[in-house]
Amino acid sequence: MAAVKKKRWPYVLGGILVLLIAIVAVVLWRLDAILLKTARDQAATYSQKLGRPIEIGDVSTKLFPYVGARIQNVSVGAAEGEDLPLAEVKDVTVSVAAMPLLTSKGKDIRVKDAEVSGLTVNVLRLADGTTNVQRLQEKLAAQQPKEQTPEEETQPTDLSGVHVERAALTDGVIRFVDRAGGDKARELAVKDLDIEVKDLRVGQPLKVDLAAAVLADKQNLKMTLAAAPLPATLIPTPEQVTLKAEHIDLSPLGPFLPPDVGLQAGTLDADWKADLGGAVPGGKGPTKLVGVIKALGMKFAGSEGGKALDVVLDTDVTGDMATGDLALDKLNLNLGPAAITGKGKVKGLLTDKPAVEGLELVGRNLDPAVLAEYYPPLRKQLNGMVAGPIGLDVRGSGTQEAQAINIAVDLTPVRLRVPDQLSKEAGGAMKLNAKVTGAAASGGALRFDAKADLNGVDLRPGLLVNKAPGQRLEMTAAGTYAPAKTGSGMTVNVSSMSLGALEDTVTGNATVTLAGTGKKATTTFKADVKAAKLDAEKLLMSEEEVLARNGGKPPPEPPVDANRFNGYRGDIQFAIGSLRYTAMDLTNVTGVVKMVDDLITVEKFSTGLYGGKVVADGTTIRLGPAPEARPFTAKVQVQGLEMAQALAARTPKQVLTGKFNGNVDVQGVGYTPDRLKQTLLGGINGNLLEGTFLGKDLVSSVTGPLAKALPFAKALKSGEVTSLGADLPFSVTIKNGVAQLSKPITWTRPEAAMSFDGGIGLDGTLDLTGGVSLTPATIKTLTVGKVTPTESIPVGLKISGKAWSPEVTGVDVKPAATTILKLAGASVAGNLLGEQGKAVEDLLTGGQDKAKAEAEAKRQELEARANEEKKKLEDQARLEQEKAKQRAEEEAKKRLKGIFGGK
């Protein structure tokens, strides 16, 4: 029995192995089927999006010793109206070492081979002149969302565990089939296309080889890209590019290029090599360009007289951006009749020992309009913006003690039409002259001295600066430039600058430092600006001029990016002797303005204005939001401001005289009157000295009706003004577009005492309730000496309408007239009856107190009504705010439900 069992176990073990193999085979078979079904489902989805059938022939996998996949016979088919598929791939294989993948839990990915073979792309030109590639691009563009939210910056993926031994595209073909000619269809091809990358991994240099037979039977195009050792992200930093092309005939490709190119003929030859060095982000070392690229006999549809354009670039140039070295052993760029040639050397321009040897860089016949005669698409691209020969001349020479590079750009013969910015006629002055030297004194930075003459430029098309051709616009600047010692960025220090605009001149100095990239980019600046005088009203276009030049329409608001000022840091200090701006004449304008991102803070500001002084330290505004949504705070201190001058340009008639001392502390959102009525909050408090309210004599407004109510009174002469006393303190609270008096204003004059409460709208509308208490002397004059009361007699009234055209309403003279009549009767009784009439006089004069009480009651009644109306407005505003808050909460709940799938 034991012997039998010993003989049986190999069969049992073999059966188990066969079963396991069968199970693995079934799993692999089902896995391939599952993957194929998934891939075909995805292909069907993208078929709908692209409007082209996508087919996948087969998917097969293996698990050991390499995890691999093979996809066969993939095709992106023809769209409606096309007879050839867009692309076909015979075979795609990928194999990854299994054991490292398993033991590292997916972190060690060793790709032995990744190859795409038998790729065929068919570029089909249809009867209407379009291509299938253009149609696909239009289809994809139509599916893109109109507004794309910017992607948030994320940390780069660490791919240090990836190692690709070989990745390649082999035996690729790009066919160009022209069906536009009907039966005479033409077919061209880029064949034998090979692209190969070997040993792609962290720490190893990258090399990509490309070779192809372009419209030929053998490979005639070769390109190599070499990159520095790869970082953990596997994002390459290119170091070298080589290009070799052997007489490639470009004319057959013309029909397949975009129609607006219109290429009809031309050949390409190239033997060119570029060592990129520090010319690319992240690169280091010198940059060297050696070789020749020739594009000869280039003919384009629409060229004048069938002119052919020869483009030749012949270079032997070496430069180092870190040290400022440049060697132009040969630089010839020929663009048909135009040319740029260069020769000479610059060494150590950014060091303390610069040297320049016979440097010349000269441009000839650089006229874009002439080049457009050879290449008509340029005419459309320029859109008439530039015409005329551009003068370019760069020369440098000198000893180590006196190095200089002189740059001259002359656009005087050029006609310019830059939409919404500027224009210039041919012959109008527009020149730039600059001198560049090494600067030992500034620590190795590049020193520059530049001057620009822009007298011939018209800046009015920009709808901002009112500078016409022939008017003065000159700029000079001198300083240093230094690139960042590490990474990207630079520092520009302008030690002196001058801007001459029209009749004014602004001088100063500034420093700007750029650092970082992307969302981490920063711009740090500091400036100090001075001017003896500046007339901003002449320099800037008025609203009327803007409307006239823009067909009666305001200029369109540019799109607003709330984050466009992120990364800005700096401050500007300024001092201007006299400044004319928006009908205001400011004197001794000084200040410091600080910027952090979009927040502008006025740290210091003072100026003489309207005979007084204004200080605005602490005022802030945010520039990020759109103008109607920009929040601001204004903190202003005023001393000795002449109110008549301040209000003259803002009201159709004079309103007020006197000097104002006080504080303005308000905040709001937006600048327009409509927005300020909704958002402006804060207060104003101070004193009005020797003030006069113009346009209405409040005493006469009371005594006139009172005189008519008395049979023996004579109306007082109206002065059409009301004196406000030597010192009138007041305080207002601004809310809902109304400046409401915090407490009644009161003042006393020889003829009357006055007291008013209420508010003033931002549009100048008055809503004041109060009274005028006529003094005994005024009553005596009014009654021609017949009545002389022992106390003042009050009369209630309201003031409404615009401040420059006020209306006095609600004048109730009945209580005052009754009191005066009783006093007059008592006086007569006393005179006629002697001692006996004195009792009668006392009885009658007792009515004076009653009249005063009635007048006071009337005033209180009017005041109560005004307070009641005020409370109604406040309650209504509060109700509207609560409704708005409730709507916002409901909207937020709806959005949250939408996000989390709620109902």
Side-chain angles (χ1 to χ4, degrees), residues 459-460 462-468 471 499 501-506 529-550 554-555 557 572 574-591 593 600 602 604-617 619-623 626-628 630 632-656 660 662 664 666-677 679-680 682 684 734 739 761-764 802-804:
L459 296 179
R460 294 174 297 178
L463 301 179
L464 179 63
V465 181
N466 194 19
K467 192 271 177 195
Q471 291 183 316
L499 170 64
L502 279 57
E503 300 175 359
D504 302 326
T505 301
V506 178
V529 180
K530 294 181 175 63
K533 69 179 186 67
L534 186 61
D535 191 338
E537 285 195 348
K538 285 186 178 180
L539 189 60
L540 301 178
M541 297 183 69
S542 67
E543 184 176 350
E544 293 76 15
E545 290 170 327
V546 170
L547 293 175
R549 293 187 67 89
N550 204 42
E557 290 288 344
I572 299 175
F574 52 87
I576 305 172
S578 64
L579 172 64
R580 175 73 177 176
Y581 180 65
T582 60
M584 295 189 298
D585 290 304
L586 291 78
T587 59
N588 298 322
V589 184
T590 61
V593 176
I600 303 295
V602 180
K604 292 184 179 181
F605 178 86
S606 68
T607 182
L609 179 65
Y610 299 132
K613 183 179 180 180
V614 175
V615 176
D617 299 355
T619 295
T620 66
I621 184 173
R622 286 200 174 274
L623 298 179
E628 66 274 9
R630 287 177 185 162
F632 68 89
T633 62
K635 298 179 181 296
V636 183
Q637 298 176 358
V638 180
Q639 287 290 327
L641 187 75
E642 291 285 357
M643 294 302 298
Q645 298 180 34
L647 297 175
R650 291 160 181 78
T651 58
K653 293 170 62 177
Q654 285 191 329
V655 177
L656 199 64
F660 171 59
V664 179
V666 295
Q667 61 184 23
V669 177
Y671 311 130
T672 63
D674 289 341
R675 288 291 295 159
L676 291 176
K677 286 180 181 179
T679 67
L680 190 63
I684 303 174
I734 300 175
L762 296 181
D763 59 355
K802 299 299 182 182
W804 51 88

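None of these values were measured; they are calculated from a predicted model.
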Inter-residue atom distance [X].[atom1] - [Y].[atom2], 0.5 Å rounding:
X: Ile572; Y: Ile600; atom1: CD1; atom2: CD1; value: 8.0 Å
X: Leu540; Y: Lys467; atom1: CG; atom2: NZ; value: 15.0 Å
X: Phe632; Y: Thr679; atom1: CZ; atom2: OG1; value: 6.0 Å
X: Leu609; Y: Leu586; atom1: CG; atom2: CG; value: 5.0 Å
X: Phe660; Y: Gln639; atom1: CZ; atom2: CD; value: 9.0 Å

### Task
Taking all heavy atoms of Asp535 and all of Asp504, pick out the closest pair and write down the distance.
N-OD2, 2.7 Å

### Summary
So salt bridge (charged side-chain N to carboxylate O under 4.0 Å, His left out) across residues 632-641, not counting sequence neighbours, yields Lys635-Asp665

Go through the structure and list residues passing side-chain contact (heavy atoms from CB on, under 4.5 Å) with [X], not counting sequence neighbours.
X: Leu547; value: Glu543, Pro554
X: Ala644; value: Thr657
X: Ser578; value: Lys533
X: Val666; value: Ala634, Val664, Leu680, Ile734

### Query
Counting only N and O atoms by type, is there a donor-acceptor contact under 3.5 Å from the side chain of Asp617 to the main-chain atoms of Phe605?
yes

### Query
Is there a donor-acceptor pair under 3.5 Å between the side chain of Glu537 and the backbone N or O of Thr582?
yes

### Side chain proximity check, Lys530 to Val506, heavy atoms < 4.5 angstrom
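A side-chain contact is absent here, since even the closest heavy-atom pair is not under 4.5 Å.
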
## Note on the structure
Residue set satisfying salt bridge (charged side-chain N to carboxylate O under 4.0 Å, His left out) with Lys802, at least two apart, ordered chain then number -> Asp763

